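Accompanying notes for the structure given below.
Along the sequence shown, the residues carry numbers beginning at 1. As the structure is a computational prediction, the values presented were derived from the model and not from experiment.
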Amino acid sequence: MMSKKIFLVLVILMSLSLMGIIFVQAYYITNSVRNEEDQFEFKVKKALSDVSKEIGDREYEDYVFILSKLMHDGVVIDTTAILNIYIKQDNEDTNETLIYRNGILEESYKLSSKLFDIGSDSTTIKRIINNKETRIIKTNVLDKLNITNAMLTQFGNITQAQDIMYRTHYESNAHRKPIHKRVNKEEIKELLGTKLKESNIDIDYEFAIYSNALATKVKTENFDREQAYISVPFFNGAKNPRNYKLLVEFPERKKFILSSIMTMLILSIVFTSIIILAYSSALFQLIKQRQISEIKTDFINNMTHEFKTPIATINLALDAIRNPKIIDDKEKVKRYLTMIKEENKRMHAQVENVLRISKLEKNELNISKEQVDTHDLVEDAITHVELIIEDRGGTIATDFKAEKTSVLANETHFTNVLVNILDNAIKYSVEAPVIDVSTQNVGNSILIKIKDQGSGMSKAAQKRVFEKFYREHTGNIHNVKGHGLGLAYVKRIIDDHQGYITVESEKEKGSTFTIKLPLIS
C-alpha cells in the first residue's frame, strides 16, 4: 500500500499542476481580452479621427468655395505694397456684417495683371507677411466705410499664397459659428457608421460633441457621458478656443469584445472544467480507496481475531476429549462437545452476518414482511441478551408508552436489528451494562429508543457508525470484539422497512439509538 507521505506528495503535486493549468488559462484569456480591447480602441480611435478630418476638410473646402465667390477680378497689385483683400460675411440672425481684411506683403514674387484669374501667369512666392483684421459691424453702417464693391474679390483655383490666406482666415473665424451650424449629427452618424463597418465593428453606438467639457447640441439622444469610451479632437485649428471633442460610447462594447473570443473562451472553460471534475473525482476515489483499504485491513484483523478464539477453543476441546482420562467421563465430554457446538455456531453466525451484508449490497436478500407487534419484537430481542446482561451484573429496563404498535416487518431480520443494537450496548459498557428500552408514538410512526451508559462515541464516529467495516479506533482495535458489519446491517434492514435510525452519543456518557418505523392500521 502506498505510504501516507508519498500519497500526500502526489496529491500536492497534482493540485499544484491543476492550479498552474487554471492560472495559465486565466492569464491567456485575460491577455486575449485585453488585446481585443486594445484592437477595438485603436480601430474606434482611427474611425473617429478619420471622421473628424473628413468633416474638417469638407468645411474648409466649403469655406474656400464661398470665399471664391466673393472675390472678383481686376485688383491691381503692387508687388512692393500691401495688398488689402476684403471679405464680407452677413449674419441675418443678428443683422451684423463681418468684414475681414487680409493684407499680404509680397517680396520677390510677381503677380499677373488679373489677380488669381484662371489662366493667368503663375505667381512665385518666397515670403508672405500677413497683416489682417476682423471687424463686426451693423449692416447699415457698411455703406459709411470706404470699402467699394471692387475691393470685395472673387477667385477660382487657388495658389499656395491664396491657400495660406484662406486657411488663416478660416482658422481665425470658423469657430465663431455655432457647432450645430457647422455639422449635424446625421453627417457624423453616416460617416462614423461607414468607418466603423470598414473596421468590422457593427454594433450600436452613441456619440456627442463637447466644447470645453460642456455638451453641445450635436449628440444622439441616448448618449451617456459617464459611459463615453473614446474621444478625439474635433474642428481644432491652431486658434480655436472652443476645444471641441468628439466622444463615442458603445453600450454593447464588452459583449462585442467577448464575442470575438467566445469560442475560445467556451472551449477553455469546458476543458478546464472537465480537468477539474476529473481531478476531483480521481482524488476522491484515491482517498476513498485508501480509506477502504485501511478499513478492510482493520476488518481482516478483527475477523482473524473473531475466528482465532473459537478455533483455539475447539482445538483445546478436541484435545481434551482425546485425553484417555476424560473420554470416559461422559459429563466432561458432553461439556466439551457443547463448547465445540457453541463456538461453531458463533463462527457460523459471523459468516452469516458477512453474507447478509453482501446480499444486501447486491439487493439479493429476500425480505418478506408481515404485520407484527413492535413490543413483541422488542421483548423477543431482550430475551436473547438478558442472560449476558445478568452474567455481567447489569440491568435492562423497558418503558412502553406507545399505544399503537402494529408495523409491517420481517420478524427475523428486525429481531436481529434489535439484538445487534443491544449487543453493542453491552459490549461498549465498561462497567455493568445499564440499558433502557422505550417506545412512543409520534404521528403515524412508532419510535424505539435503546439507551446505554457505555463509553459513547465521538461526533466523527456518529457520522460514520452505519458505514460498512467502520469501527472507531480506540488504540487497541481488539479491546471490543466486532468487525464493523453489525450497524451497517441494521441500517440496511431499517431502510428496507422504510424506517429511519439515528444516534445521539457523548464520550463517556453513553449512546441512544432511535428507530422510527411507519405504523399500519
Counting only heavy atoms not in [X], do more than 12 sit closer than 6.0 Å to its [atom1] atom?
| X | atom1 | value |
| --- | --- | --- |
| Glu403 | CD | no |
| Asn444 | CG | no |
| Glu431 | CD | no |
| Lys43 | NZ | yes |
| Glu504 | CD | no |
| Lys185 | NZ | yes |
| Lys491 | NZ | no |

Is there a donor-acceptor pair closer than 3.5 Å between any side-chain N or O of [X] and the backbone N or O of [Y]?
| X | Y | value |
| --- | --- | --- |
| Ser281 | Leu277 | no |
| Ser32 | Tyr28 | yes |
| Thr216 | Tyr210 | no |
| Thr514 | Lys449 | no |
| Thr272 | Ile269 | no |
| Asp452 | Ile435 | no |
| Ser52 | Pro233 | yes |
| Asn441 | Ala402 | no |
| Arg225 | Ala215 | no |

Verify whether one side chain among Gln25 and Ser268 offers a donor that lies under 3.5 Å from an acceptor in the other.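 Yes.
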Apply side chain to side chain contact (heavy atoms under 4.5 Å, CB included) to residues Met14 and Leu283 and explain how you reach the verdict. CA-CA 9 Å; Met14 291 169 63; Leu283 185 60; 5.6 Å; no
Derivation and outcome, side chain to side chain contact (heavy atoms under 4.5 Å, CB included), residues Thr220 and Tyr205: CA-CA 9 Å; Thr220 53; Tyr205 58 88; over 6 Å; no
Between [atom1] on residue [X] and [atom2] on residue [Y], distance to nearest 0.5 Å:
| X | Y | atom1 | atom2 | value |
| --- | --- | --- | --- | --- |
| Gln371 | Ile520 | CD | CD1 | 3.5 Å |
| Ile287 | Gln285 | CD1 | CD | 10.0 Å |
| Leu487 | Ile421 | CG | CD1 | 7.0 Å |
| Leu418 | Asp380 | CG | CG | 9.0 Å |
| Ile275 | Ser17 | CD1 | OG | 11.0 Å |
| Glu37 | Ile257 | CD | CD1 | 4.5 Å |

Identify, with sequence neighbours excluded, every residue that meets side-chain contact (heavy atoms from CB on, under 4.5 Å) alongside Ile12. Leu8, Leu16
In the structure I gave you, are the side-chain heavy atoms of [X] and [Y] within less than 4.5 Å of one another anywhere?
| X | Y | value |
| --- | --- | --- |
| Asn424 | Asn420 | no |
| Val490 | Phe513 | no |
| Lys507 | Ser458 | yes |
| Lys404 | Ile446 | no |
| Thr194 | Val51 | no |
| Val11 | Leu286 | no |
| Thr398 | Glu379 | no |
| Phe414 | Val407 | no |

Pick out which of Lys181, Arg182, Lys53 makes a salt bridge (Lys or Arg N to Asp or Glu O under 4.0 Å) with Glu59. Arg182
Heavy-atom pair of closest approach, residues [X] and [Y]:
| X | Y | answer |
| --- | --- | --- |
| Thr439 | His375 | OG1-NE2, 2.9 Å |
| Phe207 | Leu246 | CD1-CD1, 4.2 Å |
| Met457 | Ser511 | CE-OG, 3.8 Å |
| Lys516 | Ser445 | CE-OG, 3.4 Å |
| Ser429 | Arg392 | O-NH2, 2.6 Å |
| Gly393 | Ala432 | O-CB, 3.4 Å |

Salt bridge (Lys or Arg N to Asp or Glu O under 4.0 Å) between Lys46 and Asp50, worked out: CA-CA 6 Å; Lys46 183 178 182 302; Asp50 290 346; 3.2 Å; yes
Go through the steps for Glu206 and Gln227 under the test side chain to side chain contact (heavy atoms under 4.5 Å, CB included), then give the verdict. CA-CA 10 Å; Glu206 306 290 337; Gln227 301 297 322; over 6 Å; no
Holding to side-chain hydrogen bond (donor to acceptor under 3.5 Å, both in side chains), I want the full list of residues that pass it with Tyr279, two or more places apart in sequence or in another chain.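 Per chain and number, Tyr279 pairs via side-chain hydrogen bond (donor to acceptor under 3.5 Å, both in side chains) with Ser15.
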Which residues share a side-chain hydrogen bond (donor to acceptor under 3.5 Å, both in side chains) with Thr405, sequence neighbours left out: Asp373
Partner set under salt bridge (Lys or Arg N to Asp or Glu O under 4.0 Å) for Lys195, not counting sequence neighbours: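 Salt bridge (Lys or Arg N to Asp or Glu O under 4.0 Å) list for Lys195, sorted by chain: Glu54.
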What residues, two or more places apart in sequence or in another chain, satisfy salt bridge (Lys or Arg N to Asp or Glu O under 4.0 Å) together with Lys369?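 With sequence neighbours excluded, Lys369 shows a salt bridge (Lys or Arg N to Asp or Glu O under 4.0 Å) to Asp496, given in chain and number order.
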Would Ser505 and Gln462 count as a side chain to side chain donor-acceptor pair (under 3.5 Å) here? Give the steps. CA-CA 7 Å; Ser505 184; Gln462 291 178 49; 4.6 Å; no
Indicate every side-chain donor-acceptor pair of residues 248-255 with a distance under 3.5 Å to a residue at least two apart or in another chain.
{"from": "Glu249", "atom 1": "OE2", "to": "Asp224", "atom 2": "N", "distance (Å)": "2.5"}

Stepwise, does the side chain to side chain contact (heavy atoms under 4.5 Å, CB included) test hold for Thr374 with Phe400? CA-CA 10 Å; Thr374 306; Phe400 295 156; over 6 Å; no
